Amino acid sequence: MREALLLFFVVVSGTGGEICVTRAMKRVGEVTDFRPLAVARVIFRAMKVPWMWIGVAMMALAFFSLLAVLSIENVSFVVPVTALNYAAGALGGKFFLGERVTRRRWAGVLIVCVGVTLVWLGKR
Amino acid sequence: MMSSSGLHLKTYCMLLIMVVFAPLGNVLLGRGMKNVGSAVTWAPSRLPHIILLVFTSGYIWLGVASLLTFFVAYMLILSWADFSYVQPASSIALLVVALLGYFYLHERISPLHWVGIVVICLGVFVVGNTPPRTTEVR
């Protein structure tokens with residue numbers, strides 16, 4: 001039960017955090033200069049966007065939940081199961097970020113979900 | 001704005017960094033947390049001791065460093081590519097995690113478990129052939 005709750009936090013809080021970070025990075029704009037100083041400037045600019053901080057807080061919660069669940073289960077089980085966030089990510093991308101998720105992408109996400117189910121069943 | 005081939009090359013370079021450092025980080029965290037003890041037995045009174053064990057583990061810090069490298073690549077790629085493209089495409093890292101878990105941590109993985117991971121990678125292949133950007137650049 002405790003591990004299921006922790007996995008829930010890893011998936012939901014992790015995906016929510018990533019969506020917030022994406023929103024912040026889209027506001028910062030496309031990165032074209034990869035010199036260290038320019039990258040540092042981009043990170044500094046991103047830190048001024050409130051969505052980035054909300055995202056980082058949610059990802060921190062997901063991270064500590066991941067640490068806790070890794071103390072219970074094998075990494076080869078935990079990480080594939082967290083792939084459930086692909087379904088949540090496609091939904092979030094469509095509804096919160098206005099991205100067009102094609103049928104092909106939905107099919108891919110569905111196959112990923114089938115794989116996660118098999119991984120879960122294979123653990124028993 | 002970059003050409004389409006340049007955009008794809010840039011995207012694939014960042015994805016490569018992501019699929020190397022994310023699994024490495026997770027495996028190192030798993031190794032470190034196994035030394036801390038199972039969370040099923042964590043009592044509230046023991047939390048300070050557990051936090052101390054976590055923050056003094058070399059494996060945990062190496063794992064965090066790997067995940068930070070992954071995170072910087074992730075932030076950069078998200079500035080031009082769709083979230084719903086990047087997230088599934090980076091899931092090839094799941095296969096790398098399973099291989100590292102099997103060979104480095106000697107975890108037992110059942111045949112059905114392997115099939116599940118391969119199916120996930122198949123899903124990734126389907127998603128990976130879609131265009132990296134569907135929204136307008138602002």
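Within every chain, numbering begins at 1; the chains are lettered A, B, ... in the order of the sequence lines, protein sequences first and strands thereafter. Just so it is clear, the structure is predicted and the values come from calculations on it, not from any experiment.
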Atom group of [X] that falls short of 4.5 Å from chain A, counting heavy atoms:
| X | result |
| --- | --- |
| B:Tyr102 | neither |
| B:Ile50 | neither |
| B:Leu105 | side chain |
| B:Ile60 | side chain |

Q) So, for B:Ala81 and A:Lys26, which heavy atoms are closest and what is the spacing to 0.1 Å? A) O-NZ, 2.9 Å

Q: Quick one: closest heavy-atom pair of A:Gly122 and B:Ser110, and the distance?
A: O-OG, 2.7 Å

Q | A:Leu118 CG to B:Trp114 CH2 distance, which is reported to the nearest 0.5 Å | A | 14.5 Å

**Q.** Atom pair CG/CG of A:Leu121 and B:Leu112 - distance to nearest 0.5 Å
**A.** 6.0 Å

**Q.** Interface moiety of A:Val116 toward chain B, non-hydrogen atoms closer than 4.5 Å
**A.** both

Q | Contact origin within A:Ala46 toward chain B - heavy atom pairs under 4.5 Å | A | side chain

Q: Report, by ascending residue number, the residues of residues 63-79 of chain A in heavy-atom contact with chain B at a distance under 4.5 Å; give 'none' if the set is empty.
A: A:Phe63, A:Phe64, A:Leu66, A:Leu67, A:Ala68, A:Leu70, A:Ser71, A:Ile72, A:Glu73, A:Asn74, A:Val75, A:Ser76, A:Phe77, A:Val79

Q) Which residues from residues 36-45 of chain A are near chain B, with near meaning under 4.5 Å between non-hydrogen atoms? A) A:Val39, A:Ile43

Q) Of all of B:Val115, B:Ile117, B:Val118, which one pairs up most often with chain A through heavy atoms under 4.5 Å apart? A) B:Ile117

Q | Residue, of B:Val64, B:Val97, B:Val36, that accumulates the most heavy atom pairs under 4.5 Å with chain A | A | B:Val97

